[in-house]
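Okay, structure first, notes after.
Keep in mind that the numbers below use all heavy atoms, side chains included, and drop hydrogens, waters and symmetry copies.
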Amino acid sequence: MSKENAEASADGKRTMRKRLPRNPAGTRQQIIDAAADLIAREGSGKITNRKVADYAGVSLGSTTRHFKSIDELRRAGLAELSTRIEREYDDMFCIVAQEGHGSEKLADTINEYLSNPQRVNADAALYAAAIEDPEVRDITKRSFDSFLERCDPYMDIERAKILFAFIEGAVINSCFMGVPYDPEIVRLATRLIIG
């Protein structure tokens with residue numbers, strides 16, 4: 001009989017607690033998701049193990065058990081943000097593929113992307129972290145390469161690089177100004193880039 005069960009039987013007043021099955025992979029992903037959400041809201045420099053644990057609804061020990069350092073946790077959160085951004089790009093190009101390959105449809109999807117402050121902040125947090133951390137730079141490089149691959153059916157690589165640079169600039173501008181980027185400028189730029 002376990003110590004808890006023995007204590008529960010000994011005093012008769014305690015109720016036995018049922019242990020839930022452990023799910024280390026699920027807990028780890030829960031922590032990563034929480035880190036990504038917090039980074040998107042506050043930036044990567046402000047997260048702590050305690051904030052992430054509280055946001056994830058797990059014990060503080062869970063964060064330190066799954067991640068050796070706050071830097072490792074931060075990188076995992078940033079990698080998750082990058083994955084989310086890549087999914088957004090997938091959605092964007094899927095819409096373009098379904099509704100026509102024109103610059104107007106692409107401009108609409110870019111405008112929709114830029115109108116969401118949390119997405120813009122997530123992108124900006126990823127760029128800011130990449131400036132200081134070579135490992136995060138590798139994450140952003142993979143994201144860049146993935147974007148170019150998605151553009152391949154619609155434009156040559158030079159135009160894809162220009163489009164990516166434009167979107168990056170629009171993200172940073174939107175973040176600093178606190179407002180969505182001018183939709184008409186997005187339309188004009190997309191038309192000029194795609195031709």
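Between the CG atom of Leu81 and the CD1 atom of Ile139 there is a distance of 9.5 Å, given to the nearest 0.5 Å. Considering CD of Glu88 and OG1 of Thr109, their distance stands at 10.5 Å, rounded to 0.5 Å. Taking CD1 of Ile194 as the reference point, atom NZ of Lys105 lies at 12.5 Å (rounded to 0.5 Å). Note: Leu188 CG to Ile193 CD1 = 9.5 Å, rounded to the nearest 0.5 Å. Between atom CG of residue Leu73 and atom CD1 of residue Ile31 there is a gap of 7.5 Å, rounded to the nearest 0.5 Å. In this structure, Ile70 CD1 and Arg50 CZ are separated by 11.5 Å, a value rounded to the nearest 0.5 Å.
Every residue meeting the side chain to side chain contact (heavy atoms under 4.5 Å, CB included) condition with Arg41, not counting sequence neighbours, appears here in chain and number order: Tyr55. When the side chain to side chain contact (heavy atoms under 4.5 Å, CB included) test is applied to Arg28, the partners found at least two apart in sequence or on another chain are Ile32, His66, Phe67. Residues that satisfy the side chain to side chain contact (heavy atoms under 4.5 Å, CB included) test with Lys46, not counting sequence neighbours, are Glu42, Lys51.
Contact check for Val186 versus Ile167: no side-chain heavy atoms found under the 4.5 Å cut-off. At least one side-chain heavy atom of Phe93 sits less than 4.5 Å from a side-chain heavy atom of Cys151. The shortest side-chain heavy-atom distance between Glu112 and Asp108 does not fall under the 4.5 Å cut-off.
The two residues Glu149 and Pro153 have their closest heavy-atom pair at O-CD, 3.9 Å. Phe147 and Ala160 get closest at one heavy-atom pair: CE2-O, 3.6 Å. Heavy-atom minimum distance, Ala53 versus Ser59: CB-O, 3.8 Å. Across all their heavy atoms, Gln118 and Asn116 have their closest contact at N-OD1, 2.9 Å. The heavy-atom pair separating Ala36 from Glu80 by the smallest distance is CB-CG, 3.7 Å.
Every pair passing salt bridge (charged side-chain N to carboxylate O under 4.0 Å, His left out) that includes a residue from residues 154-173 is listed here, sequence neighbours excluded: Asp156-Arg159.
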Side-chain donor-acceptor pairs under 3.5 Å in residues 169-183, sequence neighbours left out?
residue: Ser174; atom: OG; partner: Ala170; partner atom: O; Å: 2.8
residue: Ser174; atom: OG; partner: Tyr181; partner atom: N; Å: 3.1
residue: Asp182; atom: OD1; partner: Glu184; partner atom: N; Å: 2.9

Counting only pairs under 3.5 Å, give me each side-chain donor-acceptor contact of residues 120-133, with atom names and distances, residues two or more places apart or in other chains.
residue: Asn121; atom: ND2; partner: Pro117; partner atom: O; Å: 3.4
residue: Asp123; atom: OD1; partner: Tyr113; partner atom: OH; Å: 3.4
residue: Asp123; atom: OD2; partner: Tyr113; partner atom: OH; Å: 2.7
residue: Asp133; atom: OD1; partner: Arg75; partner atom: NE; Å: 3.4
residue: Asp133; atom: OD1; partner: Glu135; partner atom: N; Å: 2.9
residue: Asp133; atom: OD2; partner: Arg75; partner atom: NE; Å: 2.8
residue: Asp133; atom: OD2; partner: Arg75; partner atom: NH2; Å: 3.2

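Judged by distance alone, the side chains of Arg187 and Thr190 never bring a donor and an acceptor atom under 3.5 Å apart.
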